[in-house]
Amino acid sequence: MVNFKSEASRGIALSGPATLYVGLLVAAPLAILVAYSLWTQTYVSVDRTVTLANYREAFTDPLVRYLMIRSVLIAGAVTLFTVALAYPIAYFIALKARRKTLWLLLITIPFWSSYLLRVFAWKLILGFNGVLNSALLSIGVIDTPLTFLLYNEFAVVLTLAHAWAPFAILPIYVSLQKIDLSLLEAATDLGNSAVQRFLRVTLPLTIPGIIAACLIIFIPTVGDYVTPSLVGGSDGKMIANLIQVQFGAANNWPLGATLSLLAMMSVGFVAIVFVLAASGLGRRIR
Amino acid sequence: MTEQNIIQLRQIEKRFGKVVAVSKFDLDLRAGEFFSLLGPSGCGKTTALRMIAGFQEPTSGKIIIDGQDMDGIPANQRPTNMVFQSYAIFPHLNVGNNVAYGLRGKGISKAEIDTRVAQALEMVELGGLQSRGATELSGGQRQRVALARSLIMRPKVLLLDEPLSALDKKLREQMQFELRHLQQELGITFVMVTHDQYEAMTMSDRIGVMFEGRLVQVDAPPTLYAKPCNNEVASFIGEMNFFPAEVKAEHAESLTITTPCFGTMEIERNPNVATGGRAIEVGIRPEQLEISALEPEGYDATTQGTVRNVAFYGENVHYHVEVDGVKKPIAASVPNYFHTVDYRQGDTVWLGVQSASVIDLGQDQSKS
């Protein structure tokens, strides 16, 4: 056994593997990305003179701006939609349901199949000859198949909301579960109706859970690539699809790296603003 | 139906499935009294309190508060407020906002809320702590905030669910005194649930003793201590030595009995017990027994025994004396006047008792 001499050496020993892991797999790739973003692509090779040309291009190109804003908006819509749907489910499981474990298990069932399969399942449901259209046709609600279901932003939001629902339900469930029930009784005792009680006690106490749910969904969905390429069609393309093109067909790694970093920064910025706003709002509820 | 009775409980019953938590519960609470529901855990006392508060609906029966039938009136519209066992201080609000909680959203001006919060905090001796965070409070302070938060609502009845059980002994004793003082000053009816007999006795005007969902006896603490209605109450409140006794003759006010160790005595009838027949049980409080090395003079009955056990409590000493013909050693408590423990294990001692100290407990339950 190693004889740990001091608190400090013990701390280093304990955090060492994680530090190494993070350094190797997060910090180093990020550094490479930053380096690439400052270089430029010539026809076949990369010019290693440091320049901000890529950034200039990214900021002036209307397509980049358009896709970036659309990505943020789609991710925002997914976040809003998912959290709004997840909250009542989490509320039910945490405060009303008798068999909590069973419900939690049921919620994780979608994870038992691959994400790609779930996306394809949505294609089957929403498609031109899909489940939804054939059902509506056969009962006579419509006489031509609906085309607005698939290959647009709506399909992207729907698919992502379904995929991310458990990630929203769980943190909200945990924060609801932690609420001491006598706090709710105290609010009632002090004259609150069920709605007042929810707004003044339950909601503010679950804000950390809501923030966590929002970040967990928002951050990865902004950069999601698979869903928009499969169900987004041309209207549903997002920034990740453009980045992929830079590293693939367009063969412009420096621009791709620049776009990645800009996407990361916008996500970080939106997330920080959101966290500050949400917790500020929570503090104002009295 | 006098207006004196602020709460009237009529034949309240509460069942959870097949379990009867509270049954045949009749109780009238007087306006301005400090009433305690006392009983062991699981006896239904908290359920009874929660039914008054409106958190639980009685399965049957009537709850009348201040002349109004509470049937169908939810907890948030009842003229009662509750101090919870966990205090239920809102963790996301500071002390001022916790106390102001019930006043907000009712169209009361900010200035008035501020004044009332300041007064309420002053009352519980937390003046000026409005901006203190809820998580920065000590146990005693949390208790006081909970109290201020309830009292600011000016309830007709304040319900307290084991309010002192989370505090350490010293603080608990201080809060007992303060709660009592506050109640007398405000004149609000307090209903407290507790399993601590000393707490109930030191604070209450009257105590209701509960066992297994039933209200067994309701009386002022001295009466409860001196005239318990049965063996259960007698052993739950304070300490008691029990003896079987045989009734030789019944008189209007008294009974002539014989006990295995103290012989024949004439004792007072206990108005709280039903006539017990010939085989009854009597009780003697440990502090009512005289213990001495020589046979004590001037006592109505005496007996001799051997000290089995000595328990030193500081303010008094308990001797457990084994006496022929009595199954359990008899406990005798002696005030520690001279800071000495006079008898040792194995010593032969005399016990003396006055017949006025022998409590009639009615029919001997162990024999029926």
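The chains referred to below are lettered A, B, ... by the order of the sequence lines, with proteins before strands, and numbering in each begins at 1. Only this structure's heavy atoms are used, side chains among them; waters, hydrogens and symmetry mates stay out.
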Could you tabulate the donor-acceptor pairs under 3.5 Å formed by side-chain atoms of residues 17-27 of chain A, not counting sequence neighbours?
from: A/T19; atom 1: OG1; to: A/S15; atom 2: O; distance (Å): 2.6

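- Heavy-atom distances place the side chain of B/N97, and not its backbone, under 4.5 Å from chain A.
- Of residues 201-219 of chain A, those residues with a non-hydrogen atom less than 4.5 Å from any non-hydrogen atom of chain B are, in numerical order, A/V201, A/P204, A/L205.
- With a 4.5 angstrom heavy-atom cutoff, B/F90 touches chain A via backbone and side-chain atoms both.
- Going from atom CG of A/L183 over to atom OH of B/Y87 covers 14.5 Å, rounded to the nearest 0.5 Å.
- Proximity to chain A (any heavy atom under 4.5 Å) is restricted, for B/F84, to the side chain, taken from C-beta onward.
- Nearest heavy-atom pair, B/N81 versus A/L190, reported as atom, atom and distance to 0.1 Å: ND2-CD2, 3.8 Å.
- Contacts between B/M153 and chain A at a heavy-atom distance below 4.5 Å involve the side chain alone, from C-beta outward.
- Residues passing the side-chain contact (heavy atoms from CB on, under 4.5 Å) test with B/T115, sequence neighbours excluded: B/Q119.
- Each salt bridge (Lys or Arg N to Asp or Glu O under 4.0 Å) pair with one or both residues in residues 175-201 of chain A, not counting sequence neighbours, appears once here: A/E185-B/R50.
- A pairwise comparison of heavy atoms in A/A186 and B/R149 identifies CB-NH2, 3.7 Å as the closest pair.
- Heavy atoms closer than 4.5 Å to chain A are found in the backbone of B/I89, but not in its side chain.
- In plain terms, the two heavy atoms of A/T188 and B/A75 that are nearest each other are CG2-CB, 3.8 Å.
- Rounding to the nearest 0.5 Å places CD1 of A/I179 at 9.0 Å from NE2 of B/H92.
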